[in-house]
Amino acid sequence: MPFLRKINPVLLVIIICILSRIPILASADLRLDSDECVLGLMAKHLYKNQDYSIYFWGQTYGISIIEEFFVVPFYMAHGIAALAVKLGMLCLWTIGVTFFYKSLRQIRPHNQKEAFLITLLLIASPSWALWSMKARGGYLTAFVFSNVALYLLFHARYNKKTLTYIIAGIIFSIVFESQLFWLSGLIPLVAYKFIKDKNILKPLLMVGSGIGCELLASSYKKGIDVFYRPPSIQLTKSDLFSRINRIPDFLYTHMHGTYHFSWAHPPNFFAAFFAIVITAIIFMLLVHAVVSLFQKEMRSGLFIFSVAFIPATFLYSLFTPEMQYRYLLPVTAYTLIALFLLLEKYPMTKLIKSHIIVLLIIGFAGVASFWKSQWLRSEREPLLNAIKFLENNNIKYVYCADYTFQWDIMFLTNEKITERFFTEPGRHPVYDFAVDKALASGEKTAVFGNSDRRFGEKFEHYEMDNVYYISVNPTKESLQSIFEFKPIPGN
């Protein structure tokens, strides 16, 4: 389309990022998952000037403050709602995609059309259909800052300045503290740059500023009540074969994007087709890189380094007992960077362009298809009915027998109902203290959970559409079998 050539490509990238997500934003089922509700509440506290947290509540990793700040303006415009959270994250993701495109332009300045097409493939990836708008404590922050780092370090002018490497060290620290998986692709690309430059001062400046940031972060973390720690590294000889064997399925499921935590669902045709192609490209890139090591005419140092993320990703995936598909979020972007570098050696023929355009059409159709469902654990109507029951019975304090629903209900009621989980301290100990205090003072309380895991038989149960149950006025003695009651530090 000739008129598109007149539009600034960066502006076009931004427009396509936004337009491609409208079907999901317009969905009648637009909701937040439990972790998004946590960040939504964190943003609300920041907005109301109640408190703030740099990290995701209850963790010493997962920088969330940047995502909180992006949500706040939309709270001002739309109120505290799921749409406001999603719009804030879409803005943050769009910035990340823009820097992805600008990074490609800096890595290979003469390949503008190829850079644009590769960026469109990122936007059209079903793996990012939902995650482009997920407020999940650090994932989008890591995505954005890893692309900013590439842009600065490969920029023809900026990479000559000392300040750039000090800033890059700070950015690396932010990525590490947000979600360190992004370093699997970022480090090889930056390592190649330093090796090529042959300047020892630059990496020293970057490492020094990064260490300084980590020392500050370590000091800050000492005051955090830890609810959740990353799973311990577990890999036995008996596990090794099965975990190597699961890698293709791990990649494929992540690429089609139809999952929630470790629960995968069958994808539709469009998402499945796109996922198969990208998964095949990943293995093709790996084979091409290995072969090019022995073929001088095929060899490209930056391409070989860019493909290093593949074995790095395979390696860290071996240490997760369950297939947590979101851990592979960096893979799509780094795959496309490697593909971009490979295409430099081949002329962009009409045949290659036509294949990319077909894949783009299928990808965007796959992205749009997520308007039907966001694959959440909670069921909308039964959950709303449960909230209505609690409000009608003036129950403001609830013991939640499932971690996820604690945050769903608190966000949906704007904290008019306060809940706590089994363990103490929870993600935000203030809530635990409030619920325990209400129980001790004789205020009306309840237990909420899934109907198939009903807890306690000594008090009255109310079924919510045969999906959830509510048990009113439990006693501390009846709760003590599964709920911890421990003094909370500072209260």
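The basis for the numbers below is simple: all heavy atoms, side chains too, and nothing from hydrogens, waters or symmetry mates.
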Problem set entry | Aromatic ring pairing His260/Trp263, orientation class (parallel under 30°, perpendicular over 60°, tilted between) | parallel
Exercise. Is it true that a side-chain atom of Thr475 and a backbone atom of Ser478 form a donor plus acceptor pair closer than 3.5 Å?
Worked result: yes
Problem set entry | Inter- and intrachain pairs under ring-ring contact (aromatic ring centres under 6.0 Å, His included), touching residues 11-47, at least two apart | His45-Trp57, His45-His428
For this session: Apply side chain to side chain donor-acceptor pair (under 3.5 Å) to Thr332 and list each qualifying residue two or more places apart in sequence or on a separate chain.
Result: Ser127
For this session: Could you give me the CA-CA distance, side-chain angles and deciding distance for Leu150 and Ile337, then say whether side-chain contact (heavy atoms from CB on, under 4.5 Å) is met?
Result: CA-CA 11 Å; Leu150 285 178; Ile337 290 173; 3.9 Å; yes
Seminar exercise, completed: dist Asp408:CG -> Glu379:CD (nearest 0.5 Å) comes out at 12.0 Å
Seminar exercise, completed: Between Ile278 and the options Met255, His254, His256, the side chain to side chain contact (heavy atoms under 4.5 Å, CB included) test singles out Met255
Problem set entry | Non-hydrogen side-chain atoms of Tyr101 and Pro9 separated by less than 4.5 Å | yes
Problem set entry | Pairs flagged by salt bridge (Lys or Arg N to Asp or Glu O under 4.0 Å) wherever residues 465-480 is involved - sequence neighbours left out | none
Problem set entry | Distance-only polar pair, side chains of Thr413 and Glu391, donor-acceptor under 3.5 Å | no
Exercise. Aromatic ring centroids of Phe405 and Tyr468 under 6.0 Å?
Worked result: yes
Exercise. Any donor and acceptor pair, going by atom type alone, linking the side chain of Ser218 with main-chain N or O of Glu214 inside 3.5 Å?
Worked result: no
Exercise. By ring pair (Phe, Tyr, Trp, His ring centres under 6.0 Å), which residues pair with His78, not counting sequence neighbours?
Worked result: none
Exercise. What is the ring orientation for Phe421 with Phe227, classed by angle as parallel under 30°, tilted 30 to 60°, or perpendicular over 60°?
Worked result: perpendicular
Exercise. Is Arg31 salt-bridged to Asp29, going by a charged N under 4.0 Å from an acidic O?
Worked result: yes
Exercise. So how far is it from Ile65 CD1 to Phe70 CZ, rounded to the nearest 0.5 Å?
Worked result: 12.0 Å
Seminar exercise, completed: In short, side chain to side chain donor-acceptor pair (under 3.5 Å) pairs touching residues 177-186 with sequence neighbours left out are Tyr55-Glu177, Glu177-Lys221
Exercise. At what distance, to the nearest 0.5 angstrom, does CZ of Phe389 lie from CD1 of Ile470?
Worked result: 5.5 Å
Exercise. Any salt bridge (Lys or Arg N to Asp or Glu O under 4.0 Å) pairs touching residues 132-148, not counting sequence neighbours?
Worked result: Asp33-Lys134, Asp33-Arg136, Asp35-Arg136, Glu36-Lys134
Exercise. For the rings on Phe181 and Tyr316, is their centre-to-centre separation under 6.0 Å?
Worked result: yes
Give the table of side-chain donor-acceptor pairs shorter than 3.5 Å for residues 91-100, with sequence neighbours excluded, one pair per line with atom names and distance.
residue: Thr94; atom: OG1; partner: Leu90; partner atom: O; Å: 2.7
residue: Thr98; atom: OG1; partner: Thr94; partner atom: O; Å: 2.8

Exercise. Quick one: salt bridge (Lys or Arg N to Asp or Glu O under 4.0 Å) pairs with a partner in residues 56-72, sequence neighbours left out?
Worked result: none
Exercise. Do side-chain atoms of Lys444 reach the backbone of Asn393 as a donor and acceptor pair under 3.5 angstrom?
Worked result: yes
For this session: Please identify each residue that fulfils side chain to side chain donor-acceptor pair (under 3.5 Å) with Arg246, with sequence neighbours left out.
Result: Thr320
Exercise. Does anything in residues 43-57 pair up under salt bridge (Lys or Arg N to Asp or Glu O under 4.0 Å), and if so which pairs, sequence neighbours excluded?
Worked result: Lys44-Glu415
For this session: Taking the six-membered ring for Trp and the single ring otherwise, decide whether the centroids of Phe250 and Tyr325 are under 6.0 Å apart.
Result: yes
Exercise. When you measure from the side chain of Ser125 to the backbone N and O of Leu121, does any donor-acceptor pair fall under 3.5 Å?
Worked result: yes
For this session: Evaluate the side-chain contact (heavy atoms from CB on, under 4.5 Å) criterion for residues Phe172 and Leu186: first the C-alpha distance (whole Å), next the side-chain angles of each, then the deciding distance (0.1 Å), finally the verdict.
Result: CA-CA 9 Å; Phe172 262 71; Leu186 186 57; 3.5 Å; yes
Problem set entry | Separation between CD1 of Ile15 and CD1 of Ile7, rounded to the nearest 0.5 Å | 5.5 Å
For this session: Go through the steps to decide whether Arg243 and Ser317 satisfy the test side chain to side chain donor-acceptor pair (under 3.5 Å), and finish with yes or no.
Result: CA-CA 8 Å; Arg243 293 189 185 178; Ser317 74; over 6 Å; no
Exercise. Are the side chains of Phe314 and Ile244 in touch, meaning some heavy atoms are under 4.5 Å apart?
Worked result: no
Problem set entry | Main-chain N/O of Asp432 paired to Arg420 side chain as donor or acceptor, under 3.5 Å | no
Side-chain donor/acceptor pairs under 3.5 Å, residues 356-372, sequence neighbours excluded:
residue: Ser369; atom: OG; partner: Asn268; partner atom: ND2; Å: 2.6
residue: Ser369; atom: OG; partner: Gly366; partner atom: O; Å: 2.5

Exercise. Between the side chain of Glu322 and the main-chain N/O of Ser262, is any donor-acceptor distance below 3.5 Å?
Worked result: no
For this session: Taking Thr279 for its side chain and Ile276 for its backbone only, find out whether a donor-acceptor pair lies under 3.5 Å.
Result: no
Exercise. About how many Å separate CG of Leu152 and OG of Ser103, when rounded to the nearest 0.5 Å?
Worked result: 8.5 Å
Exercise. Below 4.5 Å, heavy atoms only, C-beta onward: do Phe143 and Leu329 meet side chain to side chain?
Worked result: no
Seminar exercise, completed: Sequence neighbours excluded, the answer for side chain to side chain donor-acceptor pair (under 3.5 Å) partners of Ser34 is none
Problem set entry | Tyr327 vs Thr313 side-chain heavy atoms within contact, under 4.5 Å | no
For this session: Report yes or no: does Thr445 contribute a side-chain atom to a donor-acceptor pair with the main-chain N or O of Val398 at less than 3.5 Å?
Result: no
For this session: For the pair Leu87 and Val71, evaluate side-chain contact (heavy atoms from CB on, under 4.5 Å) and give the outcome as yes or no after the intermediate values.
Result: CA-CA 7 Å; Leu87 288 173; Val71 171; over 6 Å; no
For this session: Please answer whether the main-chain N or O of Lys437 pairs with a side-chain N or O of Tyr397 as donor and acceptor at a distance below 3.5 Å.
Result: no
Problem set entry | side-chain contact (heavy atoms from CB on, under 4.5 Å) between Val85 and Phe411, intermediate numbers included | CA-CA 11 Å; Val85 176; Phe411 182 81; 4.2 Å; yes
Problem set entry | ring-ring contact (aromatic ring centres under 6.0 Å, His included) between Phe448 and Tyr399, intermediate numbers included | CA-CA 6 Å; Phe448 174 86; Tyr399 288 87; over 10 Å; no
Exercise. Within the distance-only criterion (no hydrogens, no angle test), does the side chain of Ser64 pair as donor or acceptor with the backbone N or O of Gly62 below 3.5 angstrom?
Worked result: yes
Exercise. Got a second to check how far Thr335's OG1 is from Leu285's CG, nearest 0.5 Å?
Worked result: 6.5 Å
